[in-house]
Number of protein chains: 2
Amino acid sequence: MSGPATQIVDDDPAVRDALQWLLKSRGVQSQAWESADDFLSSASRELCGCLLLDVRMPGMSGIELFDRLRALNCRLPVIFLTGHGDVPMAVQALKDGAFDFIEKPYDDNALVDKVLAALEHDLKRCARENSVLLVRQNLAQLTQREQEVMQLILAGKLNKVIADQLGIAMRTVEVHRSHIFEKMQVRSAVELSQVLGLLGNKPEAEN
Amino acid sequence: MSGPATQIVDDDPAVRDALQWLLKSRGVQSQAWESADDFLSSASRELCGCLLLDVRMPGMSGIELFDRLRALNCRLPVIFLTGHGDVPMAVQALKDGAFDFIEKPYDDNALVDKVLAALEHDLKRCARENSVLLVRQNLAQLTQREQEVMQLILAGKLNKVIADQLGIAMRTVEVHRSHIFEKMQVRSAVELSQVLGLLGNKPEAEN
DNA sequence: AGCCGGTTTGCGGAAATCCACAATTGGCGC
DNA sequence: GCGCCAATTGTGGATTTCCGCAAACCGGCT
């Protein structure tokens with residue numbers, strides 16, 4: 001559980017050892033896996049850090065593992081490693097959201113730099129992810145009715161209008177309103193809209 | 001000025017003609033330029049569409065032109081074309097925000113698809129850009145004082161508190177407030193915060 | 001039946017917002 | 001100096017928000 005670590009997936013034991021040794025020498029923790037299935041079945045999807053994936057492996061390829069993880073809503077930054085990379089493959093991987101794409105043989109310093117960049121990137125991502133999660137949790141404990149009222153509040157409507165529109169008394173709207181603020185841990189409609197603004201805005205959308 | 005068009009920059013006349021013919025046959029307007037300098041000096045930076053850049057050219061390379069444009073705050077999607085592309089170059093270009101990277105010889109259909117994707121992408125970008133521009137214009141006509149007050153409003157503070165903090169009467173704050181809403185073309189603090197939320201959220205951040 | 005939580009409503013008052021009307025001050029340009 | 005504009009303030013009233021206190025209804029669970 002500790003800090004951010006690098007997950008290495010490569011079928012070649014020599015490569016795994018070399019990478020682990022290299023990273024360890026630079027103070028980067030890492031775990032290594034022999035195959036994509038191995039990683040998928042054992043690793044937590046909640047972790048923070050980055051992935052170093054070999055493209056060509058027996059069984060599931062690195063690319064396929066990447067796709068699987070994205071489908072599983074795992075946003076860990078992925079650095080591909082390949083000895084037979086071609087341009088179209090690299091381009092596709094990057095456009096699909098891979099963090100980097102490195103050809104073997106790799107330069108030690110360059111690789112470490114990219115890993116460090118990925119780790120730093122993921123720290124920010126995790127921070128964002130966590131605040132988004134918090135907001136979602138707050139949002140989840142809102143009643144159906146409260147969510148309706150919230151929508152109307154965010155639409156900038158006055159309590160009076162909301163009451164009319166929902167066919168209820170203004171007082172009721174006021175009660176909902178205060179419950180919403182309480183559960184969402186904000187103290188004004190402005191804060192509410194700002195907090196909610198975090199949800200729709202992923203700084204990294206596919207280009 | 002018409003609709004979105006593709007700007008082609010390639011030193012080889014045969015390639016330019018082939019591309020223009022290909023695009024025209026698919027209903028895509030295009031303009032061609034012989035060199036990066038040529039394009040830079042003649043083309044408007046306000047247009048909408050996409051760029052098709054040859055990487056290797058006498059004088060300024062496509063990559064360099066790309067960097068120049070980014071420095072000039074031009075966000076047009078760029079598709080690189082190259083006959084001697086290597087993986088690191090493609091990766092760097094994509095990480096720097098290029099839209100795509102195609103090797104020559106290219107497949108006609110694939111290239112057109114990518115161009116169309118870029119054009120569609122740019123339509124959305126332009127739409128976003130325009131609304132952002134509008135907001136900026138509104139923001140620009142706010143007085144110094146009004147901007148200060150706006151910040152405090154967005155911080156969720158009450159008029160009374162704002163008045164204290166700025167050392168002015170509450171009435172003055174109210175006046176500023178109404179001026180702000182008027183100039184920003186919104187009718188409540190909630191709308192204001194939503195409109196302002198558009199500014200900080202570029203869907204495309206560098207990875 | 002009894003309890004609980006969501007939804008609803010009313011009353012009444014404190015606080016805040018919104019606004020029209022009115023006015024003063026100070027800087028800037030013609 | 002005069003006009004213009006930003007910034008400032010005041011008065012007073014209409015409207016809205018915010019809240020505590022109280023209570024009713026209903027569906028689900030024990």
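Source: prediction; values computed, not measured. Within every chain, numbering begins at 1; the chains are lettered A, B, ... in the order of the sequence lines, protein sequences first and strands thereafter.
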Check: Does the side chain of B/Ser193 come under 3.5 Å of the side chain of A/Gln194 through a donor N or O and an acceptor N or O?
Finding: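 Note: B/Ser193 and A/Gln194 side chains miss the donor-acceptor criterion.
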Check: Of A/Lys183 and A/Met170, whose closest DNA chain C nucleotide lies nearer the 5' terminus?
Finding: A/Lys183
Can a side chain N or O of [X] be found less than 4.0 Å away from OP1 or OP2 on [N]?
X: A/Asn159; N: D/dT17; answer: yes
X: B/Ser178; N: C/dC19; answer: no
X: A/His179; N: C/dG6; answer: no

Notebook entry, point to check: Would you call the rings of A/His121 and A/Phe99 parallel, tilted or perpendicular, where under 30° means parallel and over 60° means perpendicular?
Noted result: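 A/His121 vs A/Phe99 ring planes: tilted.
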Margin query: Students often mix this up, so state it plainly: with edges at 30° and 60°, are the rings of B/Phe80 and B/Phe101 parallel, tilted or perpendicular?
Written below: tilted
Between [X] ([atom1]) and [N] ([atom2]), how many Å, whole number?
X: B/Arg177; N: C/dA20; atom1: CZ; atom2: P; result: 16 Å
X: A/Ile162; N: C/dT8; atom1: CD1; atom2: C1'; result: 16 Å
X: A/Arg187; N: C/dA16; atom1: CZ; atom2: C1'; result: 15 Å
X: A/Met150; N: C/dT7; atom1: CE; atom2: C1'; result: 18 Å
X: A/Lys157; N: C/dT17; atom1: NZ; atom2: P; result: 22 Å
X: A/Arg145; N: D/dC26; atom1: CZ; atom2: P; result: 16 Å
X: B/Glu146; N: D/dC5; atom1: CD; atom2: P; result: 14 Å
X: B/Arg171; N: C/dC18; atom1: CZ; atom2: C1'; result: 8 Å

Quick check for you: among [options], whose closest atom lies nearest to any side-chain atom of [X]?
X: A/Thr172; options: D/dG10, C/dC19, C/dT8; value: C/dT8
X: B/His176; options: C/dT7, D/dT8, C/dT9; value: D/dT8
X: A/Leu158; options: D/dT16, C/dT7, C/dT9; value: D/dT16
X: A/Glu174; options: C/dT7, D/dC19, D/dT9; value: D/dC19
X: B/Lys160; options: D/dT9, C/dA16, D/dT16; value: C/dA16

Next item on the list: Without swapping roles, check the side chain of B/Gln31 against the backbone of B/Ile8 for a donor-acceptor pair under 3.5 Å.
Entry: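 Here the side-chain-to-backbone pair does not exist.
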Next item on the list: Return the 5'-most residue of the pair A/Val175, A/Phe181 with respect to DNA chain D, ranking by each residue's nearest nucleotide.
Entry: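 The residue mapped nearer the 5' terminus is A/Phe181.
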Check: Crowded around B/Arg187 CZ? As in, over 12 foreign heavy atoms under 6.0 Å?
Finding: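 Counting other residues, nucleotides and ligands, CZ of B/Arg187 stays at 12 neighbours or fewer.
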